[in-house]
Amino acid sequence: MRIAIMGAGAVGGYFGARLAAAQGAEVHFIARGPHLEAIRRDGLRIESEAAPLHLTDVRATDDPAEVGPVDLVLFAVKLWDTDRAAEACRPLVKPGTVVVTVQNGVTGMDTLCQILGREHVAGGVAHIGATIAAPGVIRHTGTLARLTYGELDGRPSPRLTAFHALAEAAGFEAVLSAAILRAQWEKFAFLAPFSGVTALTRQPAGVIRRVPESRALFLDAVAEVARLARARDVDLGTGIVARVEALLDGLPPAMTSSMLNDLTRGGRLELPWLSGAVVQLGSELGVPTPVHRVVAAALAPYADGAPSNSPP
């Protein structure tokens, strides 16, 4: 199976490396900048207490045309790069190619469908704690490494069944789902509130859940996403808020969101595709989203990086 990893950052790089180390896969990494240079020079290293890995012979490029058509694309770019990366995928796509998006949020898949065609797109959800520790080095924290994927219509398909057989042997938890839209929205019901509230308060999970006011704010934000999912005909079940609350309570106290990490270092935020998307979809569907509206407004000055203090 020929596989391309579009966006070989922390998530794409981790799962791509595991797939490349498995038998039966020819994996190509699409990367850029110092990360690409380091991979070409030194290989791709996974730092992990669970299962460290160092790939020394890595197929890596910044030009998808050098790779050519593949069987599967694991699409793992930041949300603000979705349009550009989707267009760049065109040389990778042939009849039968499937592009599995594991991006955050719930709107990137619509963009992929518009650019590449719905028949080429499948949904995915990644659960992992990983960061780029240095160019060419991905640090996996904890033991969780789960990749969930499925066709948009929920039906089994030969292309994902073949990928599933490979993924099961790749050293991470692989889940072939018949309800991938629900899986994506379940993650979104945690991710958008957790990203927004941690970034808004500049506090980790332990503080958010310990302080009654911030816990209540978080749960109200979860409820807004749950109502939005119902309006989109995605059934998350009546206990979704309680399930997300239990997830919050089970996190390491020091855990933060990637959006808070980006905010702290003055980087660009995925805000428009998280709380911003909740507000936009809520407006379109007539679902009130007051908590996410405040989050989106309060963090808007930081969305493109640290704001300048110079006068307008």
Side-chain angles (χ1 to χ4, degrees), residues 1-62 67 70 72-79 81 85 99-105 108 122-149 163-177 183-184 187 191 195 251-252 255-259 261-262 270:
M1 175 174 281
R2 300 190 84 232
I3 297 173
I5 310 298
M6 176 57 75
V11 174
Y14 177 87
F15 288 109
R18 297 296 182 200
L19 290 164
Q23 296 295 322
E26 178 187 307
V27 180
H28 297 261
F29 295 84
I30 314 298
R32 58 187 178 183
H35 192 50
L36 173 60
E37 294 172 8
I39 292 173
R40 283 173 164 169
R41 183 182 63 247
D42 304 319
L44 181 58
R45 187 183 300 273
I46 305 297
E47 295 181 347
S48 171
E49 292 183 5
L53 174 65
H54 185 199
L55 295 177
T56 56
D57 185 16
V58 182
R59 300 176 178 91
T61 180
D62 58 1
V67 178
V70 298
L72 182 140
V73 179
L74 191 65
F75 193 84
V77 304
K78 285 287 192 178
L79 285 161
D81 276 336
V99 180
V100 179
T101 173
V102 293
Q103 293 175 290
N104 292 329
V125 178
H127 289 95
I128 188 171
T131 59
I132 297 180
V137 181
I138 294 168
R139 180 171 298 138
H140 174 216
T141 56
T143 58
L144 178 63
R146 181 191 308 130
L147 189 64
T148 305
Y149 38 85
F163 175 70
H164 184 59
L166 176 65
E168 283 189 309
F172 55 81
E173 184 181 354
V175 181
L176 180 56
S177 173
Q184 288 181 320
K187 181 178 180 180
L191 181 65
S195 297
L251 295 176
M255 183 171 175
T256 60
S257 66
S258 60
M259 192 157 79
N261 296 338
D262 290 338
E270 288 190 322

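Only a predicted model underlies this, so the values are computations on that prediction, with no experimental measurement involved.
Counting only residues at least two apart or in different chains, salt bridge (Lys or Arg N to Asp or Glu O under 4.0 Å) contacts with residues 127-136 are absent. The salt bridge (Lys or Arg N to Asp or Glu O under 4.0 Å) contacts involving residues 28-53 comprise Arg32-Asp81, Glu47-Arg139, where partners must be two or more places apart or lie in separate chains.
Legend: residues meeting side-chain contact (heavy atoms from CB on, under 4.5 Å) with Pro135, ordered by chain and number and at least two apart, are Pro34, Ala38. By the side-chain hydrogen bond (donor to acceptor under 3.5 Å, both in side chains) test, Ser48 pairs with His140, sequence neighbours left out. Every side-chain contact (heavy atoms from CB on, under 4.5 Å) that Val175 has, sequence neighbours left out, goes to Arg146, Thr148, Glu173. By the side-chain contact (heavy atoms from CB on, under 4.5 Å) test, Leu251 pairs with Phe190, Phe194, Ala205, Arg209, Leu248, Met255, sequence neighbours left out. In this structure Ser177 satisfies the side-chain hydrogen bond (donor to acceptor under 3.5 Å, both in side chains) test with no other residue, sequence neighbours excluded. Contacts of Glu270 classified as side-chain hydrogen bond (donor to acceptor under 3.5 Å, both in side chains), with partners at least two apart in sequence or in another chain: Asn104. Remark: Ala130 engages Ala10, Ile128, Ile138 in a side-chain contact (heavy atoms from CB on, under 4.5 Å) (not counting sequence neighbours). Checked against side-chain hydrogen bond (donor to acceptor under 3.5 Å, both in side chains), His35 has no partners two or more places apart in sequence or in another chain. For Lys78, the salt bridge (Lys or Arg N to Asp or Glu O under 4.0 Å) partners at least two apart in sequence or on another chain are Asp262.
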Side-chain donor-acceptor distances from residues 19-26 under 3.5 Å, at least two apart:
from, atom 1, to, atom 2, distance (Å)
Glu26, OE2, Arg2, NE, 2.9
Glu26, OE2, Arg2, NH2, 3.1
Glu26, OE2, His28, NE2, 2.7

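Between Phe163 and Leu147, some side-chain heavy-atom pair lies under the 4.5 Å cut-off.
In plain terms, the two heavy atoms of Ala31 and Leu36 that are nearest each other are O-CD2, 3.7 Å.
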